[in-house]
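One structure is given below, encoded as C-alpha cells.
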Amino acid sequence: MTDDSSAWVVLLVRLPAAPSRHRVAVWRELRRIGALSLGQGTWAVPDVPVFADGLARAARLADEAGGDVVTLAATGRTDADAARLKELFAVARAEDWAEFLADCGKFEEELAKEIRTAKFTLAELEEEEQSLERLRRWHRDLTARDVFGSPEAAQATHRLKQCAAACEDYAERVFAALHQTSGDVT
C-alpha cells in the first residue's frame, strides 16, 4: 500500500509520425514542466496542482496535431515501485539543479571577465541584468516543480543570491565608470 504523496499522473501520448514539429512541441512542453519520460510516449509527474497547466498545454498540443493523450492516475503497485518512481523524479530534478548551478558559474565568470577587461557599459550591464533575470525565472520554475525538495535547491538559492550580489557589484562599477570625470582618471 502506498501513501498519498506517491500519487502520479501518467500521460500516454500518441502523435502522427509527420510532421515532427508536433512531437517536438509536445516533448518540449513536457520537458519544460519537468515531466519524467518513462518510455516512448509515456510521461509521469507527481499528482500535484503545479503540473496541471503544463499537462493541459501538452494535451492541447497533441490534440491540435491530430494525436491523442490518455491521462491516468497512478501509484506504484508496491512501496518499492513508488519509491523508484520518486527516485527517478528526484534524479531528474538533481540534474536540473546541476545545470542551473553550472549556468550560475558561467554567469559569475562572465561578470568577472567584464570586470577584468573593464567593460563598464550600460549595454553590457543591461545584458548581464537580463541574464540574471533569466536565472531568476529558471530558479522559480525549478523550485515549483521540485515538489520533493531536492537537497541541491538550497545550494541553488544561495548561488542565485551570489549571482545577484555579483551583478549588483558590476552595476556599481559601471555607474562609477560612467560618472567618472576626466579629472578622476588616475
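Since the model is a prediction, treat every value here as computed from it, not as a measurement.
Among residues two or more places apart in sequence or in another chain, the salt bridge (charged side-chain N to carboxylate O under 4.0 Å, His left out) test is passed with Glu152 by none. Residues that satisfy the salt bridge (charged side-chain N to carboxylate O under 4.0 Å, His left out) test with Glu133, not counting sequence neighbours, are Arg136, Arg140. Under the ring pair (Phe, Tyr, Trp, His ring centres under 6.0 Å) criterion, His139 pairs with Trp97, Phe100, not counting sequence neighbours. Scored by the ring pair (Phe, Tyr, Trp, His ring centres under 6.0 Å) test, Phe89 finds Trp8, Phe148 as partners (sequence neighbours excluded). In this structure Glu108 satisfies the salt bridge (charged side-chain N to carboxylate O under 4.0 Å, His left out) test together with Arg159, sequence neighbours excluded.
Using a 4.5 Å cut-off between side-chain heavy atoms of Ile, Leu, Val, Met, Phe, Trp and Tyr, with links allowed through other members, Val10 and Ile33 fall into different hydrophobic clusters. Taking hydrophobic clusters as Ile, Leu, Val, Met, Phe, Trp and Tyr residues chained together by side-chain heavy-atom distances below 4.5 Å, Ile115 shares a cluster with Leu178. Linking ILVMFWY residues whenever their side-chain heavy atoms come closer than 4.5 Å, directly or via other members, places Trp138 and Phe107 in the same cluster. Linking ILVMFWY residues whenever their side-chain heavy atoms come closer than 4.5 Å, directly or via other members, places Val48 and Leu36 in the same cluster.
In this structure the side chain of Leu11 reaches within 4.5 angstrom of the side chain of Leu55, judged on heavy atoms. Looking at heavy atoms from C-beta onward, Thr121 lies out of side-chain contact with Val174 at the 4.5 angstrom threshold. In this structure the side chain of Leu72 never reaches within 4.5 angstrom of the side chain of Val9, judged on heavy atoms. In this structure, the side chains of Leu135 and Asp103 come closer than 4.5 Å at one or more pairs of heavy atoms. The shortest side-chain heavy-atom distance between Leu132 and Leu160 falls under the 4.5 Å cut-off. Between Val147 and Phe51, some side-chain heavy-atom pair lies under the 4.5 Å cut-off.
Distance check: Leu12 CG to Gln40 CD gives 12.0 Å after rounding to the nearest 0.5 Å. Atom CG of Asp53 and atom CD of Glu29 lie 9.5 Å apart (nearest 0.5 Å). The SG atom of Cys163 sits 7.5 Å away from the CG atom of Leu111 when rounded to the nearest 0.5 Å. Note that SG of Cys104 and NE2 of His158 are 10.5 Å apart. Values are rounded to the nearest 0.5 Å. Note that the CD atom of Glu172 and the CZ atom of Phe120 stand 11.5 Å from one another [nearest 0.5 Å]. Distance check, rounded to the nearest 0.5 Å: CG of Leu125 to SG of Cys167 gives 6.0 Å.
What you find for Ala62 and Val13 is that their closest heavy atoms are CB-CG1, 4.4 Å. Residues Leu30 and Ala58 come closest through the heavy atom pair CD2-CB, 3.7 Å. Smallest separation of non-hydrogen atoms from Ser150 and Ala90: OG-O, 4.4 Å. Summarising the geometry of Gly34 relative to Arg93, their closest heavy-atom pair is O-NH1, 3.0 Å, with the distance given to 0.1 Å.
Salt bridge annotation for Asp63-Arg60: absent, with no cationic side-chain nitrogen under 4.0 angstrom from a carboxylate oxygen. The existence of a salt bridge linking Glu109 and Lys106 is excluded, since no basic side-chain nitrogen approaches an acidic carboxylate oxygen closer than 4.0 Å. Taking a cutoff of 4.0 Å between a charged side-chain nitrogen and a carboxylate oxygen, Arg145 and Asp141 do not qualify as a salt bridge. Salt-bridge annotation for Arg84 and Asp81: absent, with no side-chain N of the basic residue lying under 4.0 Å from a carboxylate O of the acidic one.
In summary, of the residues considered (Glu110, Glu128, Glu124), a salt bridge (charged side-chain N to carboxylate O under 4.0 Å, His left out) with Lys119 occurs for Glu124 alone.
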Yes or no on side-chain contact (heavy atoms from CB on, under 4.5 Å) for Leu122 and Phe175, after CA distance, side-chain angles and deciding distance?
-> CA-CA 8 Å; Leu122 286 176; Phe175 290 122; 3.7 Å; yes

Take Leu85 and Leu38 through the side-chain contact (heavy atoms from CB on, under 4.5 Å) test and state the conclusion after the steps.
-> CA-CA 9 Å; Leu85 196 54; Leu38 300 177; 3.8 Å; yes

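Within 6.0 Å of CZ on Arg134 lie more than 12 heavy atoms contributed by other residues, nucleotides or ligands. For Trp43, the CH2 atom counts as densely surrounded, since its 6.0 Å shell holds more than 12 non-hydrogen atoms of other residues, nucleotides or ligands. Residue-environment remark: CD (Gln162) exceeds the threshold of 12 foreign heavy atoms within 6.0 Å.
Within the structure, salt bridge (Lys or Arg N to Asp or Glu O under 4.0 Å) contacts touching residues 7-27 (residues at least two apart or in different chains) are Arg14-Asp68.
With hydrogens and angles disregarded, no donor-acceptor distance shorter than 3.5 Å links the side chain of Arg31 to the backbone of Ser37.
Using modelled atom types and a 3.5 Å distance limit, the side chains of Asp146 and Thr143 yield no donor-acceptor pair.
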